[in-house]
Amino acid sequence: MSRVDRVPGARTAMIAFGLTVTLGAGGAAAHALWQQSATATMTVSAASVWPGPAVTALTCANNASQKIATLTLQLPQSAAVTYGALQSNGSIPKTYTWGTVNAGAPGSSISLDINSQIIKDSPAGALTFKVTAAYGDGTTASAQLVLTLSDSNNKIACP
């Protein structure tokens, strides 16, 4: 210290530096150093069943009078397919069997009219039609579309 003491103002500069670090100017650096020494633990859980390949297409076409709606489904792999009316709470009270749909074009179609059971089981208004494909490896995929039902004129309108 004897060499530093000989420099005019050295003692004052050292005191000012110490106060600056102590009172906050060096606080951010000290805080960052403290943060860098922190550790974190993370736990990852994977789903037991991953979703299957997505439904390639679910389309709907009406005949001229809108009394028949033809729904066509295309899948990337063959699968057993069911369908139902999706409720506002996310449930499907009753499922219906579409059958096995083979992979590729042109797809498999079903036609719905006023006598179809899913239509009879659904009130007039919007019907959220949901199909679920169950693939051979145990995975599933689904798609949905909304049909408009009319009791007064027996029409089933595609979106």
Side-chain angles (χ1 to χ4, degrees), residues 20-159:
T20 302
V21 170
T22 305
L23 296 177
H31 179 71
L33 181 60
W34 175 78
Q35 287 289 20
Q36 288 176 356
S37 65
T39 59
T41 303
M42 183 169 63
T43 304
V44 177
S45 298
S48 59
V49 177
W50 293 92
V55 171
T56 306
L58 174 61
T59 58
C60 183
N62 282 112
N63 66 344
S65 65
Q66 289 189 329
K67 304 275 184 183
I68 298 173
T70 301
L71 286 84
T72 303
L73 179 66
Q74 291 180 331
L75 299 174
Q77 306 182 158
S78 296
V81 178
T82 57
Y83 63 93
L86 184 64
Q87 305 298 305
S88 59
N89 65 2
S91 69
I92 298 176
K94 185 172 182 180
T95 57
Y96 308 90
T97 301
W98 185 308
T100 299
V101 175
N102 294 319
S108 176
S109 298
I110 60 169
S111 293
L112 302 177
D113 62 22
I114 203 66
N115 295 314
S116 300
Q117 195 61 48
I118 190 171
I119 304 299
K120 289 180 180 180
D121 293 344
S122 301
L127 164 67
T128 303
F129 184 89
K130 181 176 181 180
V131 295
T132 302
Y135 297 107
D137 62 1
T139 61
T140 62
S142 62
Q144 60 192 41
L145 54 80
V146 179
L147 302 172
T148 303
L149 309 179
S150 173
D151 277 342
S152 62
N153 57 12
N154 296 335
K155 288 188 176 184
I156 305 168
C158 292

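Basis for what follows: all heavy atoms, side chains included, without hydrogens, waters or symmetry-related copies.
Ser91 places no side-chain N or O within donor-acceptor distance of the main-chain N or O of Gln87, the cut-off being under 3.5 Å.
Contact annotation: the side chain of Leu71 never approaches that of Tyr83 to less than 4.5 Å [non-hydrogen atoms, C-beta and beyond]. Put simply, the side chain of Thr139 reaches to within 4.5 Å of the side chain of Pro53, judged on heavy atoms. Lys67 places a side-chain heavy atom less than 4.5 Å from the side chain of Asn154. Between Ile156 and Leu127 there is no side-chain heavy-atom pair separated by less than 4.5 Å. With contacts defined as side-chain heavy-atom distances shorter than 4.5 Å, the pair Thr132/Thr95 does not qualify. Side-chain contact between Pro76 and Tyr135 is present, with at least one heavy-atom pair separated by less than 4.5 Å.
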Yes or no on side-chain contact (heavy atoms from CB on, under 4.5 Å) for Ile110 and Tyr96, after CA distance, side-chain angles and deciding distance?
CA-CA 12 Å; Ile110 60 169; Tyr96 308 90; over 6 Å; no
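Between Lys155 and Ser65 the shortest heavy-atom distance is CE-O, 3.5 Å. Of all heavy-atom pairs between Gly84 and Ile92, the closest is CA-CG2, 3.7 Å. Ser111 and Ile68 make their closest contact through CB-CG2, 4.0 Å (heavy atoms, listed as atom of the first residue, atom of the second, distance). Shown here for Asp113 and Ile119, the closest heavy-atom pair between the two residues is O-CG1, 3.4 Å. Shortest non-hydrogen contact noted between Cys60 and Pro159 is CB-CD, 4.2 Å. Counting all heavy atoms, side chain and backbone alike, Leu145 lies closest to Thr59 at CD2-C, 4.3 Å.
To the nearest 0.5 Å, atom CG of residue Leu73 and atom OG of residue Ser108 are 7.0 Å apart. Here the CG atom belonging to Leu112 is positioned 10.0 Å from the OG atom belonging to Ser122, to the nearest 0.5 angstrom. With rounding to the nearest 0.5 angstrom, the CG atom of Leu147 is 11.0 Å from the CD atom of Gln66.
With hydrogens and angles left out, the side-chain atoms of Ser109 and Thr72 include a donor and acceptor closer than 3.5 Å.
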